[in-house]
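In what follows, a structure is listed as structure tokens, so that the remarks can point back to it.
Every chain is numbered from 1 and lettered A, B, ... according to where its sequence line falls, protein lines coming before strand lines.
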There are 2 protein chains.
Amino acid sequence: MLAVAALDATMLALADPTRRAILSRLTTGEARVTEIAAPFAMSLNAVSKHIRMLERADLVSRRRAGREHYLSLNPRPLDAAADWIEQQRTFWNHRLDALERALAEDQD
Amino acid sequence: MLAVAALDATMLALADPTRRAILSRLTTGEARVTEIAAPFAMSLNAVSKHIRMLERADLVSRRRAGREHYLSLNPRPLDAAADWIEQQRTFWNHRLDALERALAEDQD
DNA sequence: AGCATATTCAACCGTTAGGTTGAATGATGT
DNA sequence: ACATCATTCAACCTAACGGTTGAATATGCT
């Protein structure tokens, strides 16, 4: 139950291109909210909200240093997302293998 | 441009748990709309809409046989999604390596 | 103390997601 | 021809998303 809900939150967080860009930015290392917001053609507030969603999905964590908030990436939830996709491909390939075998039998 | 938009559509389609369940179902092979809808506690119409979104993301394609529509999985767009996630992890690890080297230097 | 900076909170707005119900379309079977 | 089955279309609803602006909060600087 909890694992499923966690994947839901992760996938939802990844659905938005701005949030994906924020995560990419954070692979380089920590950054403050203002720094993260700078490249985007939207208000600081909008970016702040995106960051909050990333925190809810536990993809980002926050370290307060006075008035500055340093965000950092937490890549662990990405594992479950990658696993899900990998599973789909695995099952898909199994099915294709079965199809191939069936076709081979037809030729006999 | 197009590649980015395609990833957007894929990620958006994957964001919903019902749609992910539909994709999982389709790894087994083709299925009709009614069959796909059966397990879900929602109307056929709702599932039909989800399927349309999956088609828009090119994750599912449709073969009409009389009044029955057979859906099948197209896993190719998943590659880009998996690649994106893998990139994040790669960059993240590079950054950690750099950190380790920095710490090692500090000890000299 | 007073001003500037970093960030969030709160209220609002337009669009879309996700669902419903009811009617329309189109193919099947008798 | 007719009733049934498979699916979509259309209209509607509510909640959430993604954005805005303006005020609040808290820290830092001089």
Taking only side-chain N and O atoms of [X], does any of them lie within less than 4.0 angstrom of OP1 or OP2 on [N]?
{"X": "A:Arg19", "N": "D:dC17", "result": "no"}
{"X": "A:Ser43", "N": "D:dT20", "result": "yes"}
{"X": "B:Arg32", "N": "D:dA6", "result": "yes"}
{"X": "B:His50", "N": "C:dG19", "result": "yes"}

Worksheet item: Within the structure shown, what part of the strands sits under 4.0 Å from B:Asp16 by heavy-atom distance: base, sugar-phosphate, or nothing?
Response: sugar-phosphate
Practice prompt. Give A:Leu71 one of three labels, base, sugar-phosphate or nothing, depending on what nucleic acid heavy atoms sit under 4.0 Å from its own.
Written response: nothing
Roughly how many Å is it from [atom1] in [X] to [atom2] in [N], rounded to a whole number?
{"X": "B:Glu68", "N": "C:dG29", "atom1": "CD", "atom2": "C1'", "result": "13 Å"}
{"X": "B:Ile36", "N": "D:dT7", "atom1": "CD1", "atom2": "C1'", "result": "12 Å"}
{"X": "B:Asp8", "N": "C:dA17", "atom1": "CG", "atom2": "P", "result": "12 Å"}
{"X": "B:Arg52", "N": "D:dC9", "atom1": "CZ", "atom2": "P", "result": "6 Å"}
{"X": "A:Leu44", "N": "D:dA23", "atom1": "CG", "atom2": "P", "result": "17 Å"}
{"X": "B:Ile22", "N": "C:dG18", "atom1": "CD1", "atom2": "C1'", "result": "12 Å"}
{"X": "B:Arg20", "N": "C:dG18", "atom1": "CZ", "atom2": "C1'", "result": "15 Å"}
{"X": "A:His69", "N": "D:dA26", "atom1": "NE2", "atom2": "P", "result": "11 Å"}

Practice prompt. By nearest nucleotide on DNA chain C, pick out whichever of A:Lys49 and A:Tyr70 is the more 5' one.
Written response: A:Tyr70
Worksheet entry | Base C:dG22 paired with B:Asn45 side chain (donor-acceptor, <3.5 Å) | yes
Worksheet item: If each of B:Leu12 and B:Ser48 is mapped to the nucleotide of DNA chain D with the nearest heavy atom, which maps nearer the 5' terminus, i.e. the 5' end?
Response: B:Ser48
Discussion item. As an exercise, state the distance from CD of B:Glu30 to CZ of B:Arg63, rounded to the nearest 0.5 Å.
Written reply: 4.0 Å
Worksheet item: Of the candidate nucleotides C:dT20, C:dC9, D:dC17, which contains the atom at the shortest distance from the side chain of B:Ala46?
Response: C:dT20
Discussion item. What's the closest nucleotide to the side chain of B:Arg67 if the choices are C:dG26, C:dG19, D:dG19?
Written reply: C:dG26
Response to the item:
Residues A:His50 and A:Ile22: closest non-hydrogen pair is CB-CD1, 3.9 Å
Response to the item:
So the salt bridge (Lys or Arg N to Asp or Glu O under 4.0 Å) pairs with at least one residue in residues 70-90 of chain B (sequence neighbours excluded) are A:Asp79-B:Arg89, A:Arg89-B:Asp79, B:Glu86-B:Arg89
Item to complete: Run through A:Leu26, A:Leu14, A:Val60 and flag the one making a side-chain contact (heavy atoms from CB on, under 4.5 Å) with A:Leu54.
Response: A:Val60
Fill in: Sidechain-backbone polar pair: A:Arg25 side chain, A:Ile36 backbone, donor-acceptor under 3.5 Å
no
